[in-house]
*Asks:* 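Would you mind keeping the following structure in view while I ask a few things?
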Amino acid sequence: MTAAANSHGLTFRQDYFGDPPAWAALVALLEDTFGIDVSIQDRFGGPDPTSMPFGYFDESGVSAANFSGFSMPMMVDGRLVKAAGFQSGAVRPQWRGQGLYRDLMNRAFGWCDEQGFELGILLTDKPAMYEPYGFRVLPQQRFLGAPPPAETRLAGTVRELSLDNAGDITLIRRVLRERTPVSSVFAATAQAEMFLLNGFFDPDVRLTYLDQFEAVIAWKEDETSFQLLDIAGKTILPLSAILGSFDRRPDRVEVFFPPDRLDWQGTQETFESDISLMVRGSAAGLSGPVMLSPMAEF
Ligand SMILES: CC(C)(COP(=O)(O)OP(=O)(O)OC[C@H]1O[C@@H](n2cnc3c(N)ncnc32)[C@H](O)[C@@H]1OP(=O)(O)O)[C@@H](O)C(=O)NCCC(=O)NCCS
């Protein structure tokens with residue numbers, strides 16, 4: 001425990017999501033820090049059961065500081081990699097600048113190493129803070145181009161899903177459990193919680209179920225382009241089949257993950273964002289152009 005934590009009477013706790021008041025205290029910390037309400041996860045089956053939160057609480061149970069790791073198996077360069085994601089890093093303003101977060105980073109990255117994770121992943125607007133711990137920024141690329149030749153409209157039904165519908169949530173969770181990674185270059189293999197949360201937080205994201213393929217397509221569109229964010233299904237459909245099923249003929253397609261399984265090639269373009277993707281560990285020497293699907297962001 002840090003001297004600052006001692007002098008403020010803070011208590012360290014780890015792996016505390018089984019305690020509802022402590023989970024509620026973290027929800028409040030994240031709401032106050034980032035303006036997002038992660039308690040919505042309760043509607044989607046609760047927080048990720050692999051989460052390993054590290055936090056400091058004051059005497060009345062207020063969450064003063066937190067940093068969480070979670071298991072996030074990834075497909076990287078054709079290989080299944082045991083990866084950990086890190087998220088929910090926050091310290092309340094009155095407790096900042098005293099080393100609390102340094103303490104929690106050391107604990108979380110130590111846990112990651114003890115557990116034998118080969119890759120650590122995080123997204124941040126403060127990359128310099130994580131460089132001393134071995135993280136490096138991985139530039140992200142999206143893929144743009146003309147659509148493939150149109151395929152005739154395929155059989156089967158195409159249905160828009162709603163995250164307000166319990167049956168649709170169950171369907172999405174099942175499909176996510178059974179999914180094939182959307183890319184063999186860089187993709188999450190089984191992460192349901194963030195897919196649902198990202199779909200909920202961005203009202204422009206549309207989730208469409210193709211029953212013939214038992215696949216959920218996450219996508220957006222504007223006047224000129226069709227934006228493919230993710231595909232959750234047992235098989236990854238070629239882009240031509242998706243556009244054929246949707247009966248769409250966009251001028252342009254943008255793909256937000258490596259398109260190696262789409263039977264289509266786009267032109268790479270650097271994805272500009274204030275948020276950097278950072279990686280650390282023995283599996284961090286990636287070769288291909290990468291992008292973490294926006295549906296897997298955390
Ligand atoms: C960023 C934040 C978590 C830091 O917490 P903190 O308890 O004040 O941090 P610490 O005092 O433990 O400092 C840890 C290290 O990070 C560095 N650091 C702190 N804030 C930083 C910032 N904004 N940018 C870069 N480095 C920073 C410190 O200099 C310190 O480095 P050192 O170990 O070499 O001395 C806190 O300011 C916060 O909650 N900010 C708002 C939410 C946020 O940005 N979260 C991080 C999301 S990735």
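Because the structure is predicted, anything quoted here is derived from the model rather than measured. Remember, it's 1-based here, ligands and their atoms both numbered in the order they're listed.
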*Asks:* Ring of Phe12, cation from Arg107 - is the NZ or CZ under 6.0 Å from the centre and inside 45° of the axis?
*Replies:* yes
*Asks:* Thinking salt bridges, do Arg252 and Glu221 make one under a 4.0 Å N-O criterion?
*Replies:* no
*Asks:* Kindly check if the number of other-residue, nucleotide or ligand heavy atoms within 6.0 Å of CG (Asp263) is above 12?
*Replies:* no
*Asks:* Do Glu254 and Arg142 meet the salt-bridge criterion of a basic N to acidic O distance under 4.0 Å?
*Replies:* yes
*Asks:* Exactly which residues line ligand 1, taking a heavy atom under 4.0 Å from it as the test?
*Replies:* Thr33, Phe34, Gly89, Ala90, Val91, Arg96, Gly97, Gln98, Gly99, Leu100, Tyr101, Arg102, Thr124, Lys126, Met129, Tyr130
*Asks:* Between Phe226 and Trp219, how do the two ring planes meet: parallel, tilted or perpendicular, split at 30° and 60°?
*Replies:* parallel
*Asks:* Between Arg206 and Glu160, is there a side-chain N and carboxylate O pair less than 4.0 Å apart?
*Replies:* yes
